[in-house]
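Every heavy atom of this structure was used, including side-chain atoms; hydrogens, water molecules and symmetry mates were not.
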Amino acid sequence: MTVARTALKEYLDKPLDSFTWLKRLTRDQLLDEFRSWRVHPKFKTDPWTHQLVCFYIGMCYPQFLMLLDMGLGKSKIILDILTQRIRERKTRRAIITVPRLINLGSWEDAVAEHSNLGCTIVSAENKDAKFEALLKPKGEITIVDYSGLQYALSKKGKGTKNGNSIDKMIPDEKRIQMVAKEYDFFGMDESHKSKNRDTLRWKVLHKLTQEMPARFATTGTLFGRDPTDLFAQFQLIDGGETFGDTLGMFRAAFFQEVSNGFGVDYKFDRSMTRTLYKRLQHRSIRYDEDECVDLPERREILVKSPFTDEQREHYLRAVDGLISANGQLRETDSAYLRMRQIVAGFIQWRDEYGKHEVTFPLNHKLDQLERLIEEAGSSKVVVSHEYTRSGELITQRLDALGIKYEWLHGGSKDPVNAVRRFNSDPACRVFVMNSDSGGTGVDGLQKSVRYLIFYESPVSPITRKQAIKRIHRPGQRHACVVYDLIVVGSVDVRILRMIEEGKNLHEAIVDGSFDIRQLRLV
């Protein structure tokens with residue numbers, strides 16, 4: 001897309017706000033300001049200074065993004081703003097979207113702790129029941145997970161693919177309009193979960209919320225390697241006030257076009273880094289953990305295991321398969337997945353005869369996990385894994401040892417109350433969680449746990465950081481220890497090295513920027 005120079009210059013020369021100066025205000029200065037308001041704010045729980053700053057901004061600019069590290073009280077900020085707007089009769093009712101079902105329980109607890117507002121939790125499995133709950137809420141707040149909202153407010157329709165007509169899910173305009181009339185405040189928790197304007201999720205959210213006068217987003221991870229992720233999030237909240245209405249203009253300003261042989265890729269222009277971050281400040285504020293709180297020490301320890309003979313044989317075959325794939329996406333993904341499964345203790349595959357599995361009789365990772373749990377004594381432990389089969393192997397070992405646990409994964413029957421049961425039961429010693437499900441969906445583990453064991457690490461630096469923050473966050477009173485169970489010489493080692501560099505090994509393998517021959521002997 002070609003953009004006229006005059007239009008690009010006008011875009012980049014737009015006058016911008018910045019709210020970083022507010023970080024210099026003291027707590028007393030902020031409280032003095034609030035006393036001058038016609039309706040004095042009343043906080044149910046005492047806010048930190050950075051929360052007061054965000055509250056102040058939110059009351060002055062009702063379309064804003066709060067970019068705070070995990071554990072810095074983002075939900076309280078939204079609830080304090082909502083409470084004040086209701087007291088000032090600027091807001092009737094709010095809808096809050098959260099990443100997963102597990103977050104519903106955390107938000108329900110936060111509402112009770114930080115406000116006197118009533119809330120509706122939309123957890124019904126039936127599509128029509130979800131819609132009914134959204135349409136007839138009880139209380140001032142309705143909390144729903146992104147997938148549930150998308151499910152309730154979409155329908156079957158027609159689309160095109162490669163010039164052919166296809167069936168697809170589309171926003172249900174009628175339902176969206178009916179629900180939109182009930183709410184005038186939108187809160188988006190972990191907004192990076194809706195970072196793509198081409199998805200059904202984003203389209204539903206945009207149609208539902210674009211007329212709401214108050215719109216707020218919170219996240220600690222606005223984007224990873226690709227700044228394109230921030231465009232859709234800002235557009236949902238400020239309607240293009242910061243980065244404009246079109247992705248083409250955004251890319252023209254901040255990206256370079258690079259030919260890939262078939263078309264064009266967009267690569268961020270690093271010379272525009274300062275300009276981008278300056279623009280971010282127009283309708284967002286960033287707080288890092290070290291600006292706000294002092295946390296106890298955290299140590300990260302590698303717990304090494306050798307390959308078994310059987311594992312090594314299968315692993316080397318998988319590496320050879322990855323090399324032979326020669327960049328073909330399907331074969332590359334398949335070989336990479338086999339490598340990860342092998343070091344976890346199993347292999348699964350599907351062919352014309354059905355699904356097959358081999359589970360290795362010797363599994364040094366499980367043995368090391370057992371040792372660490374035993375050494376923890378009566379202390380509670382979190383165990384994080386990537387694959388469902390890994391979780392099954394872990395829980396089978398815990399069952400054999402007679403150790404009581406909670407297991408949070410995609411198929412959990414009651415994820416909302418998993419953390420509550422774990423924290424309240426002294427006999428329940430282990431919390432097993434899929435790193436993706438638990439990384440952003442679990443709050444409160446820091447109250448009872450200081451040990452985290454990665455049975456297998458996520459490849460995403462962001463997901464790993466989020467998983468660690470389940471225990472190493474405000475409210476933790478003890479030094480924390482993070483263990484990584486690794487098979488020496490395997491992909492486990494390379495994943496951790498890439499994370500240290502802020503990179504995702506899987507993405508690097510797929511895009512060809514990583515020399516896969518390095519995986520033979522790490």
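- With hydrogens and angles disregarded, no donor-acceptor distance shorter than 3.5 Å links the side chain of Lys44 to the backbone of His114.
- Between the side chains of Thr219 and Gln233, no donor-acceptor pair of N or O atoms lies under 3.5 Å.
- Judged purely by atom type and a 3.5 angstrom limit, Glu257 has no side-chain atom pairing as donor or acceptor with the backbone of Ala252.
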Verdict with supporting geometry, Lys23 and Ile285, side chain to side chain contact (heavy atoms under 4.5 Å, CB included): CA-CA 9 Å; Lys23 292 184 176 184; Ile285 190 166; 4.1 Å; yes
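- The aromatic rings of Phe254 and Phe243 sit perpendicular, their planes meeting at an angle over 60°, well past the 30° parallel limit.
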Audit row: Thr142, Tyr183, side chain to side chain donor-acceptor pair (under 3.5 Å) steps and yes/no: CA-CA 9 Å; Thr142 298; Tyr183 303 95; 3.0 Å; yes
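- Lys267 NZ: 12 or fewer foreign heavy atoms inside a 6.0 Å radius.
- Under 3.5 Å, the side chains of Thr228 and Tyr266 contain no donor-acceptor pair of N or O atoms.
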Side chain to side chain contact (heavy atoms under 4.5 Å, CB included) assessment of Asn434 paired with Thr388: CA-CA 8 Å; Asn434 171 275; Thr388 301; 5.8 Å; no
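- By the 6.0 Å contact criterion, CD on Glu10 is open, its count of non-hydrogen atoms from other residues, nucleotides or ligands being 12 or less.
- In this structure, the side chain of Ser435 does not engage the main chain of Glu386 through any donor-acceptor pair within 3.5 Å.
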Step-by-step side chain to side chain contact (heavy atoms under 4.5 Å, CB included) determination, Arg494 to Arg497: CA-CA 5 Å; Arg494 181 58 65 183; Arg497 289 181 184 173; 3.6 Å; yes
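- More than 12 heavy-atom neighbours from other residues, nucleotides or ligands sit within 6.0 angstrom of NZ on Lys130.
- The number of heavy atoms from other shown groups lying within 6.0 Å of NZ (Lys207) does not exceed 12.
- Val122 and Ala133 get closest at one heavy-atom pair: CG2-CB, 4.1 Å.
- Shown here is Lys76, whose NZ atom has more than 12 heavy atoms of other residues, nucleotides or ligands within 6.0 Å.
- For the pair Lys127 (side chain) and Ser154 (backbone), a donor-acceptor distance under 3.5 Å is present.
- Between the side chains of Arg464 and Ser457, at least one donor N or O sits under 3.5 Å from an acceptor N or O.
- Checking side-chain atoms of His192 against main-chain N and O of Phe223 turns up no donor-acceptor pair under 3.5 Å.
- Here Asp184 does not pair with Arg85 in a salt bridge; the nearest charged N to carboxylate O distance is not below 4.0 Å.
- Taken from CG in Leu222 to CD1 in Ile462, the straight-line distance is 9.5 Å, to the nearest 0.5 Å.
- The CG atom of Leu31 sits 5.5 Å away from the CG atom of Leu52 when rounded to the nearest 0.5 Å.
- When each of Lys278, Arg279, Gln281 is tested with Ser18 by the rule side-chain hydrogen bond (donor to acceptor under 3.5 Å, both in side chains), just one qualifies, namely Gln281.
- Phe268 has its side chain within reach of Leu276: a pair of non-hydrogen atoms, C-beta onward, lies under 4.5 Å apart.
- Here Tyr11 and Phe250 keep their ring centres 6.0 angstrom or further from each other.
- Although no hydrogens or angles enter the test, the distance criterion places no donor-acceptor pair under 3.5 Å between the side chain of Asp238 and the main chain of Arg283.
- Taking the six-membered ring where the residue is Trp, Tyr287 and His50 present tilted rings, their angle falling between 30° and 60°.
- Within a 6.0 Å sphere centred on CD of Glu501, other residues, nucleotides and ligands contribute more than 12 heavy atoms.
- For the pair Arg197 (side chain) and Gln235 (backbone), a donor-acceptor distance under 3.5 Å is absent.
- The pair Asp69-Arg286 meets the salt-bridge criterion, with a side-chain N (NZ, NE, NH1 or NH2) lying under 4.0 Å from an Asp/Glu carboxylate O.
- Distance alone, capped at 3.5 Å, is enough to place a donor-acceptor pair between the Thr273 side chain and the Arg270 backbone.
- Atom CD of Glu33 sits about 10.0 Å away from atom CG of Leu22, to the nearest 0.5 Å.
- Looking only at distances, a side-chain donor or acceptor of Gln476 sits under 3.5 Å from a matching main-chain atom of Ile471.
- Around NZ of Lys155, the count of heavy atoms belonging to other residues, nucleotides or ligands within 6.0 Å exceeds 12.
- A distance of 5.0 Å separates CD1 of Ile77 from CD of Gln51, quoted to the nearest 0.5 Å.
- Across all non-hydrogen atoms, the minimal contact from Asn196 to Ala232 is N-CB, 4.1 Å.
- Between His506 and Tyr336, the ring planes lie tilted relative to each other; the angle falls in the 30° to 60° range.
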Side chain to side chain donor-acceptor pair (under 3.5 Å) assessment of Thr242 paired with His282: CA-CA 6 Å; Thr242 299; His282 183 62; 4.8 Å; no
Pair Asp145-Lys193, salt bridge (Lys or Arg N to Asp or Glu O under 4.0 Å): steps then yes or no: CA-CA 11 Å; Asp145 63 292; Lys193 297 295 184 180; over 6 Å; no
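- How far CG of Leu236 is from CD of Gln210: 10.0 Å, rounded to the nearest 0.5 Å.
- Geometrically, Arg340 does not engage Tyr387 in a cation-pi contact, judged by NZ or CZ lying under 6.0 Å from the ring centre and within 45° of the ring axis.
- Nearest heavy atoms, Ser284 versus Leu67: OG-CD1, 3.6 Å.
- Of all heavy-atom pairs between Val98 and Leu104, the closest is CG2-CD2, 3.8 Å.
- Residues Pro47 and Arg27 approach most closely at O-NH1, 2.6 Å, considering heavy atoms.
- Once rounded to the nearest 0.5 Å, the distance linking OH of Tyr146 with CZ of Arg100 reads 11.0 Å.
- No more than 12 heavy atoms of other residues, nucleotides or ligands shown are found within 6.0 angstrom of CZ on Arg477.
- The minimum heavy-atom distance between Pro296 and His472, with the atom names listed, is O-NE2, 2.7 Å.
- Side-chain atoms of Lys14 come within 3.5 Å of backbone atoms of Glu241 as a donor-acceptor pair (strictly under, hydrogens ignored).
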